[in-house]
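Read the structure below first, then the notes.
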Amino acid sequence: MFLCLGTGIGSGVFLGGNLLSAKNNLGFELGHMIIQKNGILCNCGKKGCFETYCSIKRFKDNVKNILEINEISSIELLKKINAEKNNKKIKELIDDFIDNFIVGLSNIIDIFEPEAICIGGSFVFFKEIFYSKLVNEMNERKYVFNKEKMPKILLAELGNDAGMIGASI
């Protein structure tokens with residue numbers, strides 16, 4: 001399983017070494033799986049989609065609103081977040097992101113039973129904020145049906161370029 005967290009949440013599902021193709025759409029729209037009943041309105045028209053809570057764009061927009069910042073690069077934003085480690089609103093935002101991400105990942109795990117979930121996209125810029133906490137809480141909470149076979153949660157070796165390279169293949 002590959003998830004590309006950036007502007008939205010893109011996904012790729014591999015079975016037996018082959019990329020699965022969806023029947024009617026370009027791909028599996030896991031970003032539009034509902035994780036919050038009657039939640040935030042998504043650009044797709046539904047409410048509570050996974051990507052409205054866990055896209056990196058949404059996270060960055062929320063941080064910029066809290067810190068009252070306009071345009072800024074991901075690297076500079078990461079520096080600002082690290083400088084604001086004790087900011088209660090930033091801590092809550094990170095915790096909420098991880099809580100929502102765990103809900104989405106748990107659904108994906110229960111449906112597909114992957115051996116591994118690889119995360120790419122601009123998520124990798126924020127790995128020091130999210131990754132260890134996500135993996136630890138995912139393994140601790142185990143909000144999945146089969147608690148004995150938790151998949152590995154990996155970061156894409158190609159970082160933010162993984163989706164672009166995959167799309168060009």
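Every heavy atom of this structure was used, including side-chain atoms; hydrogens, water molecules and symmetry mates were not.
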Does anything in residues 110-132 form a side chain to side chain donor-acceptor pair (under 3.5 Å)? List the pairs, not counting sequence neighbours. Asn82-Glu128
Run the side-chain hydrogen bond (donor to acceptor under 3.5 Å, both in side chains) test against [X] and tell me which residues pass, sequence neighbours left out.
X     : value
Lys46 : none
Lys64 : none
Ser74 : Lys60
Asp95 : Lys133

For Cys118, enumerate each residue passing the side chain to side chain contact (heavy atoms under 4.5 Å, CB included) test, keeping only those at least two apart in sequence or located in another chain. Phe2, Ala156
Residues two or more places apart in sequence or in another chain: which of them pass side chain to side chain contact (heavy atoms under 4.5 Å, CB included) with Ala116? Lys152, Leu154
Would you mind reporting whether [Y] and [X] have side-chain heavy atoms less than 4.5 Å apart?
X      : Y     : answer
Ile75  : Leu77 : no
Ile108 : Met33 : yes
Cys42  : Glu51 : yes
Ser11  : Cys4  : no
Tyr53  : Ile35 : yes

Holding to ring-ring contact (aromatic ring centres under 6.0 Å, His included), I want the full list of residues that pass it with Phe130, two or more places apart in sequence or in another chain. Phe59, Phe97, Phe123
Can you give me the closest heavy-atom contact between Pro151 and Ile117, atom names plus distance? CG-CD1, 4.3 Å
Ile119 and Val124 have their tightest heavy-atom pair at O-CG1, 4.1 Å
Using only atom types and a distance under 3.5 Å, with no angle test, would you say the side chain of Ser55 pairs donor to acceptor with the backbone of Thr52? no
Under 3.5 Å, which donor-acceptor pairs link side chains of residues 99-107 to any protein atom two or more places apart or in another chain?
residue : atom : partner : partner atom : Å
Asp99   : OD1  : Arg141  : NH1          : 3.1
Asp99   : OD1  : Arg141  : NH2          : 2.7
Asn100  : OD1  : Gln36   : NE2          : 3.0
Asn100  : ND2  : Asp96   : O            : 3.0
Ser106  : OG   : Ile102  : O            : 2.7
Ser106  : OG   : Tyr143  : O            : 3.3
Asn107  : ND2  : Val103  : O            : 3.3

Applying salt bridge (charged side-chain N to carboxylate O under 4.0 Å, His left out), which residue pairs with at least one partner in residues 77-94 are found, sequence neighbours left out? Glu76-Lys79
Counting only heavy atoms not in Asn43, do more than 12 sit closer than 6.0 Å to its CG atom? no
